Amino acid sequence: MDAKFIITSCNFNKRFMEKYLAVLCFLFISLHMKALCEERQVYIVYLGEHSGNRNFEEIEEHHRSFLHSVKGSKQEAETCLIHSYKHIINGFSAFLTPEEASTVSEMDGVISVFRSQTRRLRLQTTRSWDFTNLLEANGDLSRVNGEKLLQRASYGKDVIVGVFDSGIWPESRSFNDEGMEPVPKSWKGTCQQGIAFNSSHCNRKIIGARYYLKHYEAEHGPVKEKMEFRSPRDKNGHGTHTASTIGGRRVPNASSLGGFANGTASGGAPLVRLAIYKVCWQPDPLDEPVCPDGDTLAAFDDAIKDGVHVISLSIGSYTSSPYAEDGTAIGSLHALKRDIIVVCSAGNSGPTPSSVSNVAPWLISVGASSIDRIFQSTIVLGNGLIVQGRTVTPFRKTKKYPLVYAVDVEIPGKTTNVTTGRCFPGTLSKKLVKGKVVFCWVGFISQALEVRRAGGVAAIFGNPYGGKGVVESPFLLPGTTVLQNDRATIVSYILNNENPTATLFPGRTIIGTGPAPFMAPFTALGPNGIEPNILKPDITAPGLNILAAWTEASPPTQLLQDHRVVKYNIGSGTSMSCPHVSAVAALLKAIHPDWSSAAIRSSLMTTG
Ligand SMILES: *[C@@H]1O[C@H](CO)[C@@H](O)[C@H](O)[C@H]1NC(C)=O
Ligand SMILES: *[C@@H]1O[C@H](CO)[C@@H](O)[C@H](O)[C@H]1NC(C)=O
Ligand SMILES: *[C@@H]1O[C@H](CO)[C@@H](O)[C@H](O)[C@H]1NC(C)=O
Ligand SMILES: *[C@@H]1O[C@H](CO)[C@@H](O)[C@H](O)[C@H]1NC(C)=O
């Protein structure tokens with residue numbers, strides 16, 4: 001029985017039978033279709049650029065013809081087609097077997113056939129614009145007067161930035177459009193409706209919003225309603241954070257949970273227009289969002305046609321592919337040809353050599369560095385010794401509690417000599433931890449959860465990274481992180497005292513700290529794995545403990561156990577530094593509309 005027959009008979013049934021029969025029939029088709037495309041993977045077939053001689057129908061027919069020649073029937077070719085790129089980029093994505101993919105790659109006009117790399121949003125995630133001198137003049141004439149520069153650029157009001165990410169939380173004050181001028185006439189985009197998102201959620205700030213999930217669903221199955229909004233609305237928080245860093249309005253008195261990083265929150269180009277392209281989807285609660293190339297290419301095809309000037313793409317991969325097999329490299333090449341600037345994150349897999357991703361020469365690849373701000377919290381040990389920790393977890397000064405080293409309070413057999421002292425989930429003994437402060441050799445949010453599970457009253461962590469950089473997140477119990485050099489002090493105090501104790505003082509925001517900037521410990525490094533003669537990353541920008549807007553649909557830690565809701569959150573990663581550069585590129589574009597994207601990239605790299 002072929003698909004055509006089933007479809008026809010279903011139409012027939014629909015007309016005459018009860019609704020549930022139609023549903024059964026639909027299920028039957030779905031199963032049948034699934035069987036047709038089973039055991040096949042999603043491939044992207046890249047054909048270059050459209051010449052403008054074909055209409056949409058002809059283009060899709062042309063794309064299907066490639067599939068038809070390797071598939072059994074026309075219907076099968078139709079079913080297995082996922083995306084057909086029709087505006088600028090010529091190509092399609094489809095279910096193919098490796099053999100079919102290989103056959104297609106030999107056909108006339110085919111440039112490349114490839115599978116998507118694993119691309120994800122990875123958060124490590126007020127002050128950054130002051131630090132870069134873009135928000136306030138500081139009277140030092142040798143430095144750039146930031147406010148003047150912003151004025152010259154009209155705060156970016158005529159520039160449109162496309163944000164490829166996990167969507168947007170439109171209710172954030174950062175995206176209010178009070179006093180903004182009408183949407184630029186050049187804009188040809190749209191505000192796509194979906195779950196909890198309709199045209200009223202776009203405004204003069206968020207001028208467009210779309211979502212792409214065909215490739216995602218082909219590989220991961222239908223988007224789960226509990227996990228995601230099937231719309232441009234941001235469930236994860238990452239997209240809201242990056243978009244507000246680029247173009248958030250000035251919001252006074254913003255801060256993270258507990259009042260850290262307080263001040264005026266602002267995007268780098270506060271009047272710039274944002275166009276949201278949601279290409280990243282969260283498969284499971286604890287999983288990082290996935291951003292398949294097939295959907296990203298569809299977004300590039302639309303964004304170029306819609307009329308964006310800058311594309312900001314805080315999406316990283318762990319490996320690099322040759323440019324013709326890399327959706328971001330292909331999409332950004334077509335963007336560049338129209339003088340659209342594409343800015344990408346360099347990745348958070350450092351300091352491993354050659355960990356940098358997004359290495360195509362025509363896009364801007366951004367590393368992450370610190371700003372001049374820390375969140376200091378003092379620990380007083382029982383012998384009066386003071387150790388400085390760092391925290392953005394809100395808590396009051398603790399009592400003087402007994403202090404234990406994790407190594408001494410573990411459940412026997414739950415750790416090895418490699419995992420001991422590290423507070424891994426399920427390793428701590430409730431009996432030995434209850435009512436105490438636990439010192440873990442290294443730790444972050446999941447280790448804080450483990451100390452809480454075991455009944456600890458507070459935690460002190462050794463920084464997983466060397467150097468001064470501490471990646472901050474608000475823990476679910478009082479806790480602070482000490483630099484690696486201070487770990488031995490605490491362990492030695494515990495070993496050499498009968499009744500060790502610790503008192504934790506609340507954290508506070510300190511600005512003007514130095515030296516700054518220094519490179520963030522996680523920022524990905526060159527050399528460029530595809531073409532070592534081309535240096536990557538291109539530039540660095542603030543990406544360590546950056547405050548920006550957040551979704552109200554996910555807690556600040558993105559942990560299931562966390563039920564807190566925040567409007568602003570602290571995030572770290574090259575995902576946070578990339579939008580800083582996107583904002584500056586937008587301002588330069590506003591001042592020099594005639595500059596090519598290569599000129600803007602060059603001026604950024606040569607002047608910092
Ligand atoms: C859009 O959604 C809001 C609620 O989020 C609702 O109040 C409004 O009526 C909707 N507008 C349209 C045009 O459907
Ligand atoms: C910001 O907070 C301070 C102190 O709480 C308050 O005096 C001030 O009015 C607030 N400013 C705005 C614009 O809300
Ligand atoms: C942050 O809040 C503290 C305490 O209220 C205040 O002293 C400080 O000036 C604020 N910082 C900024 C940048 O607004
Ligand atoms: C851990 O123990 C194993 C054997 O029990 C040993 O081979 C290994 O060297 C030890 N590792 C460390 C870091 O001590």
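Counting convention: from 1, in listed order, for ligands and their atoms alike. Treat the numbers as computed from the prediction; the structure is a model and nothing was measured.
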TODO: Could you tell me whether the SG atom of Cys191 lies less than 2.5 angstrom from the SG atom of Cys202?
DONE: yes
Open item on the list: Ignoring hydrogens and geometry beyond distance, is a side-chain donor-acceptor pair present between Thr481 and Asn463 at under 3.5 Å?
Closed with: no
Task: Sub-4.0 Å atoms of ligand 1 with respect to non-hydrogen atoms of Asn198 - done: 1 (C), 2 (O), 3 (C), 8 (C), 10 (C), 11 (N), 12 (C), 14 (O)
TODO: Run through ligand 3 for me and note each protein residue having a heavy atom under 4.0 Å from it, chain first, then residue number.
DONE: Asn262, Gly263
- [ ] Rounded to the nearest 0.5 Å, what's the gap from CG on Asp306 to CD1 on Ile160? Could you check?
- [x] 9.0 Å
TODO: Check the angle between the aromatic planes of Tyr277 and Phe164 and answer parallel, tilted or perpendicular using the 30° and 60° thresholds.
DONE: tilted
TODO: Specify whether Phe197 and His201 have parallel, tilted or perpendicular ring planes, treating 30° as the upper limit for parallel and 60° as the lower limit for perpendicular.
DONE: tilted
Open item on the list: Consider side chain to side chain contact (heavy atoms under 4.5 Å, CB included). Of Val438, Leu476, Val437, Val457, which one does Val451 pass it with?
Closed with: Val438
Open item on the list: Side chains of Asn348 and Thr574: any donor to acceptor distance under 3.5 Å?
Closed with: yes
TODO: Mark up the atoms of ligand 1 that fall under 4.0 Å of a heavy atom belonging to Ser200, in ascending order.
DONE: 1 (C)
TODO: Measure the distances from the heavy atoms of Gln193 to every atom of ligand 1 and state whether one is below 4.0 angstrom.
DONE: no
